[in-house]
Amino acid sequence: METCGFQPLAVIGRMRTPFSEKFGIPRQPSLAPAAVGEAVLAPPFDRDEMVKGLEKFSHIWLIFLFDQAMAEGWRPQVRPPRLGGREKVGVFASRSPHRPNHLGMSAARLLGLSRSPEGLVLHVAGIDLLDGTPLVDIKPYLPATDSPPDASDQFLAAPVQPLTVTAPAPVERFCQQYQRETGRNLHQLLQECLACDPRPASQRDGREFGMRLWDVNIRFRVSPESVAEILSVSFLREPITARPAG
Ligand code: SAM
């Protein structure tokens, strides 16, 4: 195996996102426009001069490492969930995290830039990344050339029917209160993430699922009529710290 031989990739920053676990994250960017987050660029990559002109673009490419897939290595073939988990395709014909070098790319809407004690912050929306994902590059999205009008995709040509999402009144009230207190649009993010049907293809049998958005636990199930019913929302418990032995 030939190795790169150049200097190792530098982590230029980290993502801050609502997603602290993989389950429930949209499978591609822009599927959930309410998935807002921050790309926090750290020194020495946080200089204002390095992003001069970036605000002229509505979207940017976030180039990152699938760090939470590295321990599992890579596979020559994968079963994309979008193909129902039945059909295998080559890893290079997929967007799987389990790929050589574990590099990922997501086009995100750029909402604005600011500065925090941690570094330079790019506010983004429509993201599909775990909280803490390491960033290795940022580039502007160029609609004229990144989106050729004759581009086609014979795998995923059929439109996906989104799930209908329902929530009982207490869940609606929780979301309203949460938005008043945090400014986070939990209601819309929940709707968008569940509409994409986060369930693995092998577990579409009416069982109950749990997922987390920010510091909120959500329980839901999906009926045979493709209705995702939110069963409950609650704050995460305080983290349990291990007791020292003896
Ligand atoms: N848009 C990117 C791409 O095409 O390279 C990512 C697509 S990949 C199918 C998106 C999924 O990767 C998410 O739904 C989540 O399950 C997983 N994921 C996100 N961040 C990750 C991370 N830091 N490490 C491992 N897996 C991650």
Side-chain angles (χ1 to χ4, degrees), residues 9-42 59-110 122 124-142 146-147 151 153 155-156 160 162-163 189-204 209-214 218 220 228:
L9 287 179
V11 172
I12 62 163
R14 297 258 173 191
M15 289 304 299
R16 296 279 167 260
T17 83
F19 307 114
S20 57
E21 59 182 25
K22 288 184 219 167
F23 182 75
I25 305 182
R27 294 185 176 109
Q28 281 302 332
S30 82
L31 292 174
V36 288
E38 298 163 355
V40 184
L41 303 188
H59 290 72
I60 56 175
W61 285 109
L62 301 168
I63 313 213
F64 61 90
L65 292 168
F66 285 111
D67 61 329
Q68 296 305 311
M70 286 176 170
E72 294 146 20
W74 62 275
R75 297 173 200 136
Q77 293 204 318
V78 295
R79 297 176 194 269
R82 184 68 173 75
L83 298 180
R86 289 179 301 275
E87 203 174 326
K88 277 190 179 177
V89 302
V91 65
F92 295 135
S94 84
R95 295 298 191 96
S96 168
H98 299 103
R99 55 197 314 111
N101 295 317
H102 297 93
L103 278 168
M105 49 190 279
S106 293
R109 177 176 289 281
L110 179 63
L122 312 185
V124 289
I127 48 182
D128 56 348
L129 303 177
L130 267 173
D131 189 40
T133 296
L135 292 164
V136 293
D137 207 353
I138 303 280
K139 299 187 187 198
Y141 179 89
L142 307 179
D146 289 353
S147 179
D153 163 5
F155 271 130
L156 309 181
V160 188
L163 300 182
L189 184 55
L190 253 177
Q191 295 276 331
E192 291 172 356
C193 290
L194 292 183
C196 294
D197 197 349
R199 298 172 301 162
S202 58
Q203 297 178 11
R204 301 199 165 173
F209 289 89
M211 62 184 269
R212 292 174 177 188
L213 295 175
W214 292 296
I218 297 111
F220 72 95

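Order of listing sets the numbers, starting from 1, for every ligand and every atom in it.
- When hydrogens are left out, the protein atom nearest atom 2 (C) of ligand 1 is M105 O, 3.1 Å; that is the closest non-hydrogen contact.
- Ring geometry for W61 versus Y141: interplanar angle of 30 to 60°, hence tilted.
- Comparing I25, L65, L103 by heavy-atom distance to atom 15 (C) of ligand 1, the nearest is I25.
- Annotation: side chain of L110 is in contact with side chain of L122 (closest heavy-atom distance under 4.5 Å).
- If you check the side chains of W74 and N101, you find no donor sitting under 3.5 Å from an acceptor.
- Counting protein heavy atoms only, atom 19 (C) of ligand 1 is closest to D128 O, 3.4 Å.
- Minimum interatomic distance between C196 and L31 (heavy atoms only, all atoms of both residues): SG-CB, 3.9 Å.
- Against a heavy-atom cut-off of under 4.0 Å, P26 is close to the following atoms of ligand 1: 13 (C), 14 (O).
- Closest to atom 26 (N) of ligand 1, if we only count protein heavy atoms, is F66 CD2, 3.7 Å.
- The protein non-hydrogen atom at the shortest distance from atom 7 (C) of ligand 1 is Q28 NE2, 3.5 Å.
- Under the side-chain contact (heavy atoms from CB on, under 4.5 Å) rule, V124 has a single partner from I138, V36, I60, which is I60.
- Looking only at protein heavy atoms, the nearest one to atom 24 (N) of ligand 1 is Q68 N, 3.1 Å.
- Taking the side chain as every heavy atom from C-beta outward, F64 and L103 never approach each other to under 4.5 Å.
- Within ligand 1, the atoms closer than 4.0 Å to a non-hydrogen atom of P97 are 12 (O), numbered from 1 in the order shown.
- Protein heavy atom in closest approach to atom 10 (C) of ligand 1: R27 O, 3.6 Å.
- Set against the non-hydrogen atoms of G104, the atoms of ligand 1 under 4.0 Å away are 5 (O).
- Within the 4.5 Å cutoff, no side-chain heavy atoms of T133 are placed close to those of F66.
- Heavy-atom proximity to R95, at under 4.0 Å, picks out these atoms of ligand 1: 3 (C), 4 (O), 7 (C), 8 (S), 9 (C).
- No hydrogens or angles considered: nothing links the side chains of T17 and D131 as a donor-acceptor pair under 3.5 Å.
- Side chains of I63 and L135 form no contact here, defined as non-hydrogen atoms less than 4.5 Å apart.
- Taking the side chain as every heavy atom from C-beta outward, F209 and P200 approach each other to under 4.5 Å.
- For a threshold of 3.5 Å applied to N or O pairs, the pair formed by S96 and ligand 1 contains no separation below that value.
- Residue, atom and distance of the protein heavy atom nearest to atom 20 (N) of ligand 1 are L130 N, 3.1 Å.
- Closest protein heavy atom to atom 23 (N) of ligand 1: D67 OD1, 2.8 Å.
- Those atoms of ligand 1 with a heavy atom of L129 less than 4.0 angstrom away are 19 (C), 20 (N).
- Against a heavy-atom cut-off of under 4.0 Å, P29 is close to the following atoms of ligand 1: 1 (N).
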